[in-house]
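The shown structure was predicted, so the numbers you read here are calculated from the model rather than taken from an experiment. Quick note on labels: first sequence line is chain A, next is B, and so on, each numbered from 1. FYI, side chains are in, hydrogens and waters are out, and symmetry mates aren't considered; it's all heavy atoms of this structure.
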Amino acid sequence: NAGVTQTPKFQVLKTGQSMTLQCAQDMNHNSMYWYRQDPGMGLRLIYYSASEGTTDKGEVPNGYNVSRLNKREFSLRLESAAPSQTSVYFCASSADRGPNEKLFFGSGTQLSVL
Amino acid sequence: DAKTTQPTSMDCAEGRAANLPCNHSTISGNEYVYWYRQIHSQGPQYIIHGLKNNETNEMASLIITEDRKSSTLILPHATLRDTAVYYCIVRVYNAGNMLTFGGGTRLMVKP
């Protein structure tokens with residue numbers, strides 16, 4: 001059972017470089033999310049997509065863009081990476097929004113920006 | 001959303017019940033209590049959630065006090081694989097309101 005798949009697992013960038021983090025889910029979920037987790041901290045929401053064709057900002061959207069390519073895929077783009085974006089990035093999905101929503105997470109992408 | 005307070009860390013002996021407390025004294029009537037855990041280097045995993053009644057599933061039990069100001073997550077027979085950070089989250093559902101993960105409790109299950 002694949003669930004939520006994130007690629008790559010590790011990435012090192014130089015300041016100013018760009019890259020796209022990929023996320024795909026095979027559970028036919030409507031909603032998808034991108035979180036970041038800094039060392040020793042909880043998760044902070046970057047962007048989310050409540051359904052195919054929609055995206056909205058979360059708590060920390062600056063410096064990122066997202067694309068909900070189709071129902072399965074939700075990508076996160078860093079246009080000009082900064083050292084402050086060094087973090088572990090988690091993608092998540094859920095079947096439906098609502099009080100009984102359960103998020104399923106990928107295994108994360110560890111990003112270092114030098 | 002109501003603020004939650006959890007101990008920073010706890011230990012538990014393998015095979016014993018692990019009782020993880022969460023204080024949410026400012027919780028409002030329409031806020032749910034959610035528990036997730038994060039095993040080292042992995043993405044968080046949903047455990048259980050509830051509104052006012054106690055809940056049980058194959059992973060854990062959730063006990064919510066009658067005044068709803070605190071709750072306890074119970075892992076009935078902790079194993080070494082239950083070593084993780086456990087997040088207690090209180091949230092009222094609305095279209096723009098997302099799950100917010102705070103510091104959590106680092107549970108260490110010891111042999």
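Expressed to the nearest 0.5 Å, how far NZ of A:Lys9 lies from OG of B:Ser41 amounts to 11.5 Å. The structure places CD of B:Gln38 at 8.0 Å from CZ of A:Phe105, a figure rounded to the nearest 0.5 Å.
Heavy atoms closer than 4.5 Å to chain B are found nowhere in A:Gln6, neither backbone nor side chain. With a 4.5 angstrom heavy-atom cutoff, A:Tyr33 touches chain B only via side-chain atoms. Both the backbone and the side chain of A:Leu103 come within contact range of chain B, judged by heavy atoms closer than 4.5 Å.
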> A:Tyr35 and B:Phe101: ring pair (Phe, Tyr, Trp, His ring centres under 6.0 Å), yes or no, with the steps?
Replying inline: CA-CA 10 Å; A:Tyr35 285 87; B:Phe101 292 77; 5.7 Å; yes

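For residues 78-98 of chain A, the set of pairs meeting the ring pair (Phe, Tyr, Trp, His ring centres under 6.0 Å) definition, not counting sequence neighbours, comprises A:Tyr64-A:Tyr89.
Cluster membership check: A:Phe74 shares its hydrophobic cluster with A:Met19, using side-chain heavy-atom separations under 4.5 Å among Ile, Leu, Val, Met, Phe, Trp and Tyr. If you chain together hydrophobic residues whose side chains sit under 4.5 Å apart, B:Leu99 and A:Val4 never meet in one group.
With sequence neighbours left out, A:Asn100 forms a side-chain hydrogen bond (donor to acceptor under 3.5 Å, both in side chains) with B:His49.
Of all heavy-atom pairs spanning B:Tyr87 and A:Leu43, the tightest one is OH-CD1, 4.2 Å.
Side-chain atoms of B:Tyr34 come within 3.5 Å of backbone N or O of A:Pro99 as a donor-acceptor pair.
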